[in-house]
Undergrad: 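Take this structure, written in structure tokens, and hold onto it; I'll ask about it next.
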Amino acid sequence: YARVGLPFVMGTTGGDRQKLEATVRANTDASFAAVIAPNMGKQIVALQAMLEQMATNFPGSFSGYELKITESHQSTKADTSGTAKAVADTL
């Protein structure tokens, strides 16, 4: 998509994110639009945005607390959720 200048939205947690971002940047200019996110659910996007804003405006808010993320998936899911990893990174 980037090579032909077609803006895109991609929901993925797989692959090498840094390589994907570098590929998009190398094949586009500053006006190109692309959204690459681990989860497109508005509730998860809102949660991550809120956590990022909280970290910026209220550093140390979670000091003294132990934070845990619990995920639930079908029994055949072999790996950790990319969404859980992204939320953990935000925390």
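Numbering starts at 1 and runs along the sequence shown.
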Undergrad: In residues 40-60, what donor-acceptor pairs under 3.5 Å come from side-chain atoms, sequence neighbours left out?
TA:
unit_1, atom_1, unit_2, atom_2, d
T56, OG1, E52, O, 3.1
N57, ND2, Q53, O, 3.3

Undergrad: Counting only heavy atoms not in Y1, do more than 12 fall under 6.0 Å of its OH?
TA: no
Undergrad: In a table with atom names and distances, give each donor-acceptor pair under 3.5 Å that connects a side chain of residues 19-37 to protein atoms at least two apart or in another chain.
TA:
unit_1, atom_1, unit_2, atom_2, d
E21, OE2, R25, NE, 3.0
E21, OE2, R25, NH2, 3.0
T23, OG1, K19, O, 2.9
N27, ND2, T23, O, 2.7
T28, OG1, V24, O, 2.7
D29, OD1, S31, N, 2.9
D29, OD1, S31, OG, 2.6
D29, OD1, F32, N, 3.4

